[in-house]
Amino acid sequence: MSPASSRAATSTELSPEVRARYECVAGLEVHVQLATATKAFCGCSTRFGDPPNTNTCPVCLGLPGALPVFNRRALELAIKAALALHCDVQERSRFARKNYFYPDLPKGYQISQYELPLAIGGWLEIEVAGEKKRIGITRLHMEEDAAKNLHEGFPDAAQYSHIDFNRGGVPLIEIVSEPDLRSPEEAYAYLTNLKQALEYTAVSDCNMESGSLRCDGNVSVRLRGAREFGTKVEVKNLNSFRYLTHALEYEIDRQIAILESGGSVVQETRLWNVAAGRTESMRSKEFAHDYRYFPDPDLLPVVVTPARKAAILAELPELPDAKRARFISEYAISAYDAGVLTGSAALADYFEAAVRAGAQPKSAANWIQTDLLRRLNDCGKEISASPVSAAALADLLCRIDRNEITGAIAKRVLAKMFETGKSAAEVIAAEGLSPISDTGSVEKICREVIAQNSANVDKYRAGNEGVFKFFVGQVMKETKGRANPQAVNEILTRLLQQK
Ligand code: ADP
Ligand code: ZN
Ligand code: MG
């Protein structure tokens, strides 16, 4: 299943010295399915996974005479995305017809936006190796998705392709970045932050497996220090973060090898072949004039009044960057922790709910990142489906703070809470993990441990204080960690110093 490493697939092995002489320039074109219940220009459902061709009507099948009506909700979500990406939303934009012939496009054109897009001139911040950088966003426009060609899984697949029109007419936005990216790592960080912003604003579910987020990469190379850009190649089908990184790495090496051998890069569209781990030529570059764009006469111009824009802006939730900064200052947690905890809005909410329920921010941050996320990850669950609620976790952590249980016991309690969905109190009672509050019995165990380890007692009394830890360890073992560590320290110190 794992594709061959892109490096391994490169035909010409480049030395690090040669590679270092070049710099990559990349820009991404990202298609995102808007989270609407119905399609962009008709009332058909957008539900993923329904039986083929059950969500269709004369409009999205392109039957003659059918007229489109634009989905108001799609516009709202597109404006939200544009504002989250600091774009300038245009008061007036327009749908255009992008004409081409392909079986997945029944009208013979795709409704898109061309010379008047919904929004222009935004940016998104990324951080790579501790350095922050703004990546420009050229434009954000609205369009409809094409249908899906199916080539496999049919008895007549050798002769025919089948088409599922359920996806045809689903609303998308396309977000085009400036050629500001300088490495596969930067491209990765850009796509990560873009996805996060779109998830936070609930513009899209951004599910890459079901195709809600699709990415094409444009990449060229030039000698480091050169002013002009090199000839770019567009790579299609980068539908996972791994493909994006591998495809760019592969393509960078391929282009450097061409230039090093005295050749020149051909401007074209290439496809990332997942199985082979390489890009392959798909078609020569198409230009805007090939599509004979013209304004769609069936659709009115899209007007976004300043009042509407302001209303949507006011509804925008706190965005990832702002949340990260606030977590660092408000909770005094590290930038790294803040980064992990703001990975999704749901995770950030969980953390804040735990803190509100009384957990110390630092300890909540640690326990969520280590124990909780690992356990969720192991069973493939999202934070929203955590068997341990934020309040239940906070209750557990408060017990450590009150010296009721040790951290080690708390880990065992959390494991049980996760397994059973029970509260800390229930697990502690059921497992006999409640702390030994009676100091008399702790002292008795301390005396026994001392009596059984006279050699170590002599060492301690001879000045080897390191042995003290051994005694603490033994007592904790005997009490299964249920003794209060502070009490154990005090009792052992007193007993060991008595002659
Ligand atoms: P086209 O005319 O091929 O559509 P655009 O100028 O619209 O090209 O850019 C499409 C995408 O390619 C954008 O994301 C842009 O940032 C990126 N891009 C443009 N020129 C280059 C280049 N020389 N190298 C890498 N990426 C580029
Ligand atoms: Zn329809
Ligand atoms: Mg273009």
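First listed ligand is number 1; within each ligand, the first listed atom is number 1.
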(Q) Going by the closest heavy atom to atom 10 (C) of ligand 1, which one wins out of Lys232, Gln267, Arg139? (A) Lys232

Residue [X] vicinity, atoms of ligand 1 by number, heavy atom under 4.0 Å:
{"X": "Ser220", "value": "22 (C), 23 (N), 24 (N), 25 (C)"}
{"X": "Val25", "value": "24 (N), 25 (C)"}
{"X": "Glu178", "value": "16 (O)"}
{"X": "Gly27", "value": "14 (O), 16 (O), 26 (N)"}
{"X": "Leu28", "value": "14 (O)"}
{"X": "Val176", "value": "13 (C), 14 (O)"}
{"X": "Phe229", "value": "23 (N)"}

Test of proximity, [X] against ligand 1: N or O pairs below 3.5 Å:
{"X": "Ser177", "result": "yes"}
{"X": "Pro179", "result": "yes"}
{"X": "Gly230", "result": "yes"}

Q. Should we count CZ of Arg224 as having more than 12 external heavy atoms under 6.0 Å?
A. yes

Q. Hey, is CZ on Arg72 packed in by over 12 heavy atoms from elsewhere, all under 6.0 Å?
A. no

Could you pull out the closest heavy-atom pair between [X] and [Y], with the gap in Å?
{"X": "Val235", "Y": "Trp272", "value": "CG1-N, 4.0 Å"}
{"X": "Leu34", "Y": "Ala74", "value": "CD1-O, 3.4 Å"}
{"X": "Ala288", "Y": "Tyr114", "value": "CB-OH, 3.2 Å"}

Q: Look at the aromatic rings of Phe327 and Tyr331 and report parallel, tilted or perpendicular, splitting at 30° and 60°.
A: perpendicular

Q: Can you label the angle between the Phe95 ring and the Phe41 ring as parallel, tilted or perpendicular, going by 30° and 60°?
A: perpendicular

**Q.** Cys44 atom SG and Cys60 atom SG as seen from the Zn ion (ligand 2), angle to 10 degrees
**A.** 110°

Q. Arg182 side chain to Pro179 main-chain N or O, any donor-acceptor pair under 3.5 Å?
A. yes

